[in-house]
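Before any comments, here is the structure.
Here is the naming used below: chain letters follow the sequence lines, and residue numbers restart at 1 for every chain. Values below: every heavy atom of this structure, side chains too, minus hydrogens, waters and symmetry copies.
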Amino acid sequence: MQVIYQEGESLLHRLNPLSKVVALVPVVLFVALTTDPWLPLAFMILASATIVGPARIAPGTFWRLQAPLAISLLVFMILYPFMVRAELFDHTPVLLRLGPLVLYQGALLAGTAAVLRVYAMFLLSLIFMFTTDISDFIRAMVQQWHFPYRLGYGVLAAFHFVPLLQEEFRLIQAAHRIRGIETQGGVRTQVERLRRYLIPLLTSAIRRAERTALAMESRAFGALKQRSYFRRFRFSRSDYLFILCFWLLCLLVIALFWLTGWMGPLSFTKEL
Amino acid sequence: MSETRTALIEIEDLTVKYPGRRAPALEGLQLQLRAGETVLLLGPSGSGKSTLALTLNGLIPHSIGKLQSGRIRVAGFDTRQTTVATLAQRVGILFQDPEAQFVMFTVEDEIAFGLENLCFSPEEMERRISESLRLVGLTDLRYRRVEQLSGGEKQRVALAALLALEPEILVFDEPTANLDPQGTREVFDLLRRCKETGRYTIVLIEHRLDELMDLVERMVVLGKRGEVIIDGAPREVLRSHLSTLQELGVWVPQVARLAHALQQHGWSLEPFPLTLSEAAEVLTKRHALNISRQASPALLTSASAHKNGHQQSSGSPPINPQPGQGEAAIEVCSLSYRAAGREVLQDVSLALPRGALLALVGANGAGKTTLAQHLVGILQPPRGCIRLLGRDLTTIPARELTRHVGYVFQNPEHQFITEAVEDEVAYGLRVMGLPATEVQERTRTLLERFNLLSLARANPFTLSHGEKRRLSVATMLAMGQEILILDEPTFGQDEYNATALLELLWQLHSEGRTVVIITHDMSLVATYAQYVAVMNRGRLLFYGTPAALFAREELLAEARLMLPPLAELARRLGWSDLLTLEDLCERCLQTSSLTPQEAMGQAEGAASLEEGRPCK
């Protein structure tokens, strides 16, 4: 998450992290209910516009960070019609026949809808991830939603570990390569290699965790039931305003699709 | 400061045990520290220095470990009956690893963290945060993210976070161990400032002592079992117990070692010097050594000409330092490397003759490790950039490369791949496809040489620091590698182990192997290195002999390096050509018995001592 977060001073950056959660979660859940591709498509556009618009994320950065998921979803979309059970869609017109492979229109539509749905949900949550510092989010959770502070700050300390462990893993890999360890081999050698990485990695992770715990406790972490806060997290007027505006906008989109009949049926399980 | 210093910390008959360990970490420890005192705590690795620190702020026994017997009173509070919250406002500990101390992501939040834990009001926090930032001189970095800071800055932030709690007692637990010379200086300056405020009782655990001895009022030495074996004023301790300290294997100020060496030649130095300035003064006064100040330029030129010939004087590093010596072991030609949009290496060229011992120095992030990693194929150099033993590195298959070059990582654990010490050594030999009997024999010889034979069946992860390091070197020589590269081999080692390892590397070098050591330790460079390469912001700033490097102050400053203590002392005495304890000792003895004219005549002889010889 800290990898995706982009430092900035935009309107969305300045909002309380939780107001973004409140604004986004119902919308994401609604998108999960859709079955047709059109409404997710609209929300994709809405989310992208928010990201490059009010959140002021550089389009290049946005493009680069969403690309991995976009590509894997595209692959899924292409494979889906051929992998799905044919009898589900054999009542729909055949679009293409490649030897034993048959492409049904229904399968293509269903795959596209699934992919767009997931992608729309992803883009909506990107609004949050791009603009929210994880430490602000956790601190707001602790302060406003009474998330246990010992747990919350433990998670925060753990976030410092991620890049360090990545670096450590890279080093161990290099160190083992220098010992002349086989880099190729079958599944068994690969598993054996991972096991070898794991011991030094865990040893140093545990050591580091111990040190961090001692450093935290040395500064009276967890010594008292209560904590005070230097920076207070609370909802301001702009937070309420943002939630309201975002919801209204989304309702407008949904109403438009519903009235024009483009929304399609809603279902969570997609068993229609 | 009050005249009568009362005991602020009273430790009586303290025995501490960690669960799962048989031997106690501290045993029967008696110690009283008075308010306002600055105490240097010494001891070999594993003697319980850090454990003692943790007993002071109550983490032992409240979080880890067990007080088996005895008790500690800090400012009148019995630590067993006092909460960590109370003690945290009395005792602040600055730990070794700056990375492991941070919880939050910005400087301000990090300093607020401790205050928040203790439920201070926002107004009070604001006051304390700005005050502590002012004290450590980081007011400008208040809103910076901690991962963007340098190592030294990180430690200063960590200290600010402690100072915000307004403790009376500050414990510095090897705060510079992970830092480069620049960061070390920042932390030492700050330590000095803390001392000058007169507000703190300071307990110092450190091994770079020469720059600090003027601050230390008392030395306490822990023995192997975690008991106090020496306790007294630094002058007295270093004068009377230096050999005990060295037997224990703890680091001692180099000035004290020099003074001792001179004493053994019948010199009496009064007062016994602890710092560079004291040593310079006492030596100058006693033997009118300042006469040689005029002699120094002449000495320097003659010494350089004698030892290193052509490679010294030129500003740009020569590509081939020793023509006519056959092919180079390592030859790097305009190597550049970019990572994450930054020039990590820029146009680096150097050629290292076979059998040389090279020290690679420079600030953190200067490109030392990146350069070294290119030499073993961890990073891929472009074709034609690096030649190893006369062959283009890109043409040597990875498998074969490991037989020519060994690389010892900073953390030896990274390299362990088997469950027994002997298998570690044998692994490479088996990969080579040697017959079992030969593998066995060569493993045995190596283990014997590295003094690991008795541990042959132990799991590598259970070894001590020094043993792990020796094992990692042994594994890197098993295949008969001709070139050995070591990344900070003395990191985290006590003096005994560090010296033993360096002696070993010196031996390998004498046998004709090429050794490259990445280090921050300039004394190591002065004592052991034959050549030194200085990296600065991705460029090779200097390549030549240590003597030539140390003669160029502007260059050292640019690379943010410092002279090793004894070379600095020699410079103050006017002998910029001398680097090591032996040289210095010898010159002192010579000069004292000679007239100035004679001294100049003798200089040639002194300078021709074989370069880089380790001193015992």
Side-chain angles (χ1 to χ4, degrees), chain A residues 2 5 7 133-136 139 149 153-154 156-161 163-164 168-183 192-193 196-197 199-201 203-204 207-232, chain B residues 54 57 59 62-64 83-85 88-89 91-93 95 97 99-106 108-109 112-122 125-126 129 145 147 158 161-162 165 373 376-378 398-399 402-403 406-407 409 411 413-417 427-428 431 461 475-476 479:
Chain A
Q2 209 62 28
Y5 170 63
E7 259 183 277
D133 185 335
I134 181 74
S135 82
D136 288 343
R139 283 187 293 171
Y149 90 82
Y153 281 76
L156 271 189
F159 267 94
H160 283 287
F161 277 37
L164 296 174
E168 193 99 10
F169 186 77
R170 211 182 53 75
L171 273 178
I172 293 170
Q173 239 178 337
H176 285 195
R177 221 174 37 234
I178 286 182
R179 294 292 313 272
I181 292 241
E182 278 292 350
T183 39
E192 175 65 13
R193 241 178 55 212
R196 284 205 188 108
Y197 291 160
I199 301 169
L201 199 62
T203 319
S204 71
R207 199 172 293 147
R208 194 169 304 228
E210 263 172 8
R211 282 189 200 152
T212 305
L214 286 178
M216 286 170 81
E217 287 184 81
S218 294
R219 289 198 279 151
F221 178 74
L224 304 176
K225 280 217 171 58
Q226 295 294 316
R227 263 180 127 247
S228 63
Y229 295 98
F230 182 58
R231 261 182 72 195
R232 266 278 160 207
Chain B
L54 293 178
N57 74 347
L59 285 195
H62 290 294
S63 297
I64 50 162
T83 61
V84 174
Q89 297 174 70
V91 185
I93 306 181
F95 293 97
D97 185 355
E99 316 283 348
Q101 292 178 59
F102 291 134
V103 188
M104 306 304 292
F105 292 89
T106 70
E108 181 191 65
D109 289 340
F113 175 76
L115 297 166
E116 291 175 332
N117 290 333
L118 292 164
C119 290
F120 281 100
S121 70
M125 282 196 240
E126 171 58 43
I129 291 171
R145 293 181 76 79
E147 75 260 19
L162 298 176
L165 304 182
Q373 291 191 339
V376 272
I378 297 176
R399 255 302 180 58
T402 61
R403 280 188 220 173
Y407 190 103
F409 280 72
N411 179 354
E413 288 179 357
H414 285 161
Q415 291 181 285
F416 297 153
I417 47 181
Y427 182 86
V431 170
F461 282 91
T475 58
M476 278 304 144
M479 291 191 263

Open item on the list: Salt bridge check, B/Arg145 against A/Asp133: does any charged N sit closer than 4.0 Å to a carboxylate O?
Closed with: yes
- [ ] Run the numbers on B/Gln373 and A/Leu171 for side-chain contact (heavy atoms from CB on, under 4.5 Å), then give the verdict.
- [x] CA-CA 11 Å; B/Gln373 291 191 339; A/Leu171 273 178; 4.2 Å; yes
Open item on the list: Let's test your reading of the structure: which of A/His176, A/Arg208, A/Glu7 forms the most heavy-atom pairs below 4.5 Å with chain B?
Closed with: A/His176
Check each atom of [X] against the heavy atoms of chain A and say whether the ones under 4.5 Å are side chain, backbone, both or neither.
{"X": "B/Gln89", "answer": "neither"}
{"X": "B/Leu54", "answer": "side chain"}
{"X": "B/Ile378", "answer": "both"}
{"X": "B/Phe102", "answer": "both"}
{"X": "B/Phe409", "answer": "side chain"}

Selection from [options] maximising heavy-atom pairs under 4.5 Å formed with chain A:
{"options": "B/Thr83, B/Leu118, B/Ile93", "answer": "B/Leu118"}
{"options": "B/Leu59, B/Ile417, B/Thr402", "answer": "B/Ile417"}
{"options": "B/Val431, B/Asn411, B/Ile129", "answer": "B/Ile129"}
{"options": "B/Ala161, B/Gly92, B/Ala158", "answer": "B/Ala161"}

- [ ] Working to the nearest 0.5 Å, report the span between OH of A/Tyr229 and OG of B/Ser121.
- [x] 15.0 Å
Contact origin within [X] toward chain B - heavy atom pairs under 4.5 Å:
{"X": "A/Leu214", "result": "both"}
{"X": "A/Arg232", "result": "neither"}
{"X": "A/Gln173", "result": "neither"}

Where is the tightest heavy-atom contact between [X] and [Y], given as atom of each residue plus distance?
{"X": "A/Glu217", "Y": "B/Val84", "answer": "O-CG1, 3.4 Å"}
{"X": "B/Glu413", "Y": "A/Pro200", "answer": "O-CB, 3.7 Å"}
{"X": "B/Asn117", "Y": "A/Ala220", "answer": "CB-O, 3.3 Å"}
{"X": "A/Ser218", "Y": "B/Ala88", "answer": "O-CB, 3.4 Å"}

- [ ] Give the ring-plane orientation class for B/Phe113 versus A/Phe221, where under 30° counts as parallel, over 60° as perpendicular and anything between as tilted.
- [x] parallel
TODO: Walk me through it: do A/Tyr153 and B/Glu116 pass the test side-chain contact (heavy atoms from CB on, under 4.5 Å)?
DONE: CA-CA 12 Å; A/Tyr153 281 76; B/Glu116 291 175 332; 4.0 Å; yes
Open item on the list: Between B/Asp109 and A/Arg139, is the side-chain contact (heavy atoms from CB on, under 4.5 Å) condition met? List the steps.
Closed with: CA-CA 11 Å; B/Asp109 289 340; A/Arg139 283 187 293 171; 2.9 Å; yes
Open item on the list: Can you confirm whether the side chains of B/His414 and A/Glu168 place a donor and an acceptor under 3.5 Å from each other?
Closed with: yes
Can you find a pair of side-chain heavy atoms, one from [X] and one from [Y], that are under 4.5 Å apart?
{"X": "A/Ile134", "Y": "B/Phe105", "value": "yes"}
{"X": "B/Met476", "Y": "A/Ile178", "value": "yes"}
{"X": "B/Leu162", "Y": "A/Arg219", "value": "yes"}
{"X": "A/Arg211", "Y": "B/Glu99", "value": "no"}

TODO: Please confirm whether the backbone N or O of B/Phe120 pairs with a side-chain atom of A/Ser228, one donor and one acceptor, at under 3.5 Å?
DONE: yes
TODO: Show your reasoning for whether side-chain contact (heavy atoms from CB on, under 4.5 Å) applies to B/Phe416 and A/Arg196.
DONE: CA-CA 8 Å; B/Phe416 297 153; A/Arg196 284 205 188 108; over 6 Å; no
